[in-house]
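Accompanying notes for the structure given below.
Numbers here simply count residues along the sequence, with the first being 1. Counting convention: from 1, in listed order, for ligands and their atoms alike.
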Amino acid sequence: MDILRLEAWYDKNHRKLLFRESKNPYLIWVSEIMLQQTQVEAVLPFFERLIQKYPTIEELAKSDEVTFQKDVEGLGYYRRFKNMIKAAKIIVLDYQGIFPNSYEDLLKLPGIGKYTAGAIMSIAYNKPYSALDGNVIRVLSRYLGNSEDMRMEKNRKILDKINQGYIEKATPMIYTQAMMELGAKVCRPRNPKCEECPLNEHCFAFLNDQREDFPILTKLKDKKEFNYITLIIQYENKYCLRKRTESLLEGMYEYPQYEIESISNIVNDFEDQGIHVSYYQYQKTYKHIFTHQIWNMHVYKVIIKEKVLDEWILMNKEDIITIPMAIAHRKIKI
Ligand code: SF4
């Protein structure tokens, strides 16, 4: 690979993103976690707000899960932010607030895997550690003409080793960012701009006119579809919400919802538990598409009397906007 040409291309062409101009491991960590599964454009306003509110790891460690989840509401994949708070507290307590500078120590922190550790080590500390994400997989698969299935861990490991070999011959902080930028702006999933690419002289996919044939990815299973009856439950002028314990959207608040065919089954079930339903009315059906599943939420307004379930939290209508809530439920009008 012509690494010098790649690095020169990056130097001249990269976007001036706030987090790409920094060598601060804290900022690099925050940005890399936010960029997981999320587009740069969506991340930028959140990133700016977060680093204003939490300019140092000490400030972040003082926050709590609920406040932080509210700060990042809308970005999805909330487990990563729960892990961020945990990791920030560990860094302050066990490392006196100094971001670890060893790959092994980084991997011990919640939510930091090989990719994030590699990105921090190479970008912040200029150490040669591979950071192989989806963008880099695409660039290398095309460049090398790799015909293995990149959904398989063993094939990604082989590519990771190849990437490690390249970064050892490069300036790590530039190489990692150059590969990320190349994947995002030039070697795009559709219509890669090969004519502008610094790797085009030796790129297998370009030279063989197979640019969109790589990476090889076996088809994913169809998204699983769920039908929920979602309840806006009113009890004495307050609303009943629950905090999710399921791994998807864990810690976010939601209106209680049930994977059940009819509202009358829920009403009967409530009555059996001593909750009297004095009114219910269908409102509207909302649809939300996640990466791996689809929710169809058939929303009912319900008024109850006598008691509420232990797992419900009673809230005033105006307070609902202040709690962390997944977009799937935030869009429900009450
Ligand atoms: S030449 Fe085209 S296909 Fe090859 S790495 Fe560059 S942009 Fe991707």
| field | N, O or S from C187 under 2.8 Å to atom 8 (Fe) of ligand 1 | value | yes

Provide the number and element of each atom of ligand 1 under 4.0 Å from a heavy atom of [X].
X	answer
F206	1 (S)
N200	1 (S)
R142	3 (S)
C203	1 (S), 3 (S), 4 (Fe), 5 (S)

| note | Ranked by distance from atom 6 (Fe) of ligand 1, the top protein heavy atom is C197 SG, 2.4 Å

Hey, is the main chain of [Y] close enough, under 3.5 Å, to the side chain of [X] for a donor-acceptor pair?
X	Y	value
N316	E318	no
Y228	L231	no
D105	P100	no

| 2.8 Å cut-off met by an N, O or S atom of C194 to atom 4 (Fe) of ligand 1 | no

| said: Consider side-chain contact (heavy atoms from CB on, under 4.5 Å). Of I33, V30, T38, which one does V43 pass it with? | reply: T38

| query | Are the charged groups of K114 and D160 less than 4.0 angstrom apart, N to O? | reply | yes

| message | Could you report the tightest heavy-atom contact between P192 and R211, atom names first, then the distance? | response | O-NH1, 3.5 Å

